[in-house]
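First the structure, in the form of structure tokens, and then the observations on it.
Numbers here simply count residues along the sequence, with the first being 1. Indexing begins at 1, ligand by ligand and atom by atom, following the structure's order.
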Amino acid sequence: MELLDGKKLSQQIKEEIKLAVIARKDNGLKVPHLAAVLVGNDGASLTYVGSKVRSCEQVGFKSTLIRLEDSISQEALLSKIKALNSDLTLDGYIVQLPLPKHIDEEKILMAIDPNKDVDGFHPANFGRMALDMESFIPATPFGIMEMLKRYRLDISGKHCVVIGRSHIVGRPISILMSQKGNPGNATVTLAHSRTNNLEKLTQKADIIISALGIPEFLKGDMVKEGVIIIDVGITRVADENYPKGYVIKGDVDFKDVALKSSYITPVPGGVGPMTIAMLLKNTLLSCERRAN
Ligand code: GUN
């Protein structure tokens with residue numbers, strides 16, 4: 001079993017981005033600028049956005065954190081989006097999800113300028129990705145593909161079972177895994193909460209990508225020997241034995257499944273850090289594309 005070390009790989013990618021920023025500066029070019037909009041005080045969202053802003057600093061990007069009250073109206077948030085769309089200093093921005101219940105998430109995501117949509121959530125980017133055109137690929141699926149590429153894992157012709165059909169992870173990764181190219185060319189089954197006999201599928205899978213959000217759902221007896229496991233789950237489970245009062249769990253029962261895997265991502269330290277690195281990558285790409 002070999003660990004797919006997302007922490008190490010993401011540091012390497014950040015180092016490359018940092019060098020690209022230095023080269024831009026040396027050539028008198030603009031430094032990439034990312035903004036993050038955070039509505040409310042959700043603990044996990046605060047952690048993620050904090051981490052995104054810190055990562056910007058590490059690679060030499062300019063970053064702006066926009067914190068808005070939980071009670072903000074949809075109209076007021078839409079005007080903020082409009083202002084960000086016309087802010088010429090910005091290369092990209094994200095609106096951290098989930099949003100409060102009274103706000104229509106789809107309406108907000110649709111209002112983001114696709115050319116600044118470094119999360120790749122706008123239908124224009126999603127459609128372009130599905131058609132193999134230049135786009136912004138959502139950071140988590142982008143991170144998984146980059147990880148497969150850098151570890152030189154051959155997935156061509158292999159059977160990949162994706163568990164979870166979310167717009168952010170499951171749906172896009174199912175498209176990317178089956179696209180022509182390397183990495184790609186996999187045969188993909190997209191499983192979800194209504195799938196019958198899931199374990200019959202996972203037991204045959206060469207690669208399993210789990211983006212379900214149920215801690216330790218995937219057990220050793222559900223996978224075959226030699227499987228490649230990509231665990232996208234990051235659920236906080238209350239546990240008083242830890243200083244923060246919770247522990248982060250993936251979708252995979254690691255100790256059992258690792259014994260049968262050829263490669264496996266740990267949680268934490270697997271897909272999570274890759275997501276942030278690829279958001280930075282998208283921001284750099286946006287900055288470069290704007291200059292062209
Ligand atoms: N919430 C959970 N993951 C993400 C993400 O990748 N981007 C944004 N904007 N919100 C999220």
request  = May I ask you to identify the nearest protein heavy atom to atom 11 (C) of ligand 1, giving residue, atom name and distance to one decimal place in Å?
outcome  = Gln96 NE2, 3.4 Å

ask   = Any non-hydrogen atom of Met278 lying under 4.0 Å from ligand 1?
value = no

message = As a quick check of understanding, evaluate salt bridge (Lys or Arg N to Asp or Glu O under 4.0 Å) for Lys249 and Glu216, giving each step before the final call.
response = CA-CA 7 Å; Lys249 294 263 187 208; Glu216 300 182 331; 3.4 Å; yes

query = If you measure from each heavy atom of Phe121 to ligand 1, is any distance below 4.0 Å?
reply = yes

message = Does any N or O of ligand 1 fall below 3.5 Å from an N or O anywhere on Pro98, backbone included?
response = no

message = Checking Glu225 against Lys204 for the salt bridge (Lys or Arg N to Asp or Glu O under 4.0 Å) test, could you report, in this order, the C-alpha distance in whole Å, the side-chain angles of both residues, the deciding distance, and whether it holds?
response = CA-CA 10 Å; Glu225 279 301 327; Lys204 289 204 174 121; over 6 Å; no

message = Quick one about Arg165 and Thr195 (side-chain donor to acceptor, distance below 3.5 Å, no hydrogens or angles considered), yes or no?
response = no

query = Among side-chain atoms of Gln58 and Lys14, is any donor-acceptor pair under 3.5 angstrom?
reply = yes

message = Just to confirm my output: which protein heavy-atom neighbour is closest to atom 10 (N) of ligand 1, and how far is it?
response = Leu97 N, 3.0 Å

task = Using only heavy-atom distances, determine whether the side chains of Asp154 and Ser156 contain a donor-acceptor pair under 3.5 Å.
result = no

ask   = When you measure from atom 9 (N) of ligand 1 to every protein heavy atom, which one gives the shortest distance, and what is it?
value = Asp119 OD2, 2.6 Å

query = Going by an N to O cut-off under 4.0 Å, is there a salt bridge joining Glu57 and Lys18?
reply = no

Part of Lys52 within contact of ligand 1 (heavy atoms, under 4.0 Å) = side chain

message = With a 4.0 Å cut-off on N to O distance, would you call Lys219 and Asp256 a salt bridge?
response = no

Thr140-ligand 1 polar pair, N/O distance under 3.5 Å = no

inquiry  = Does ligand 1 come near enough to Val95 that some N or O of the ligand is less than 3.5 Å from an N or O of the residue?
reply    = yes

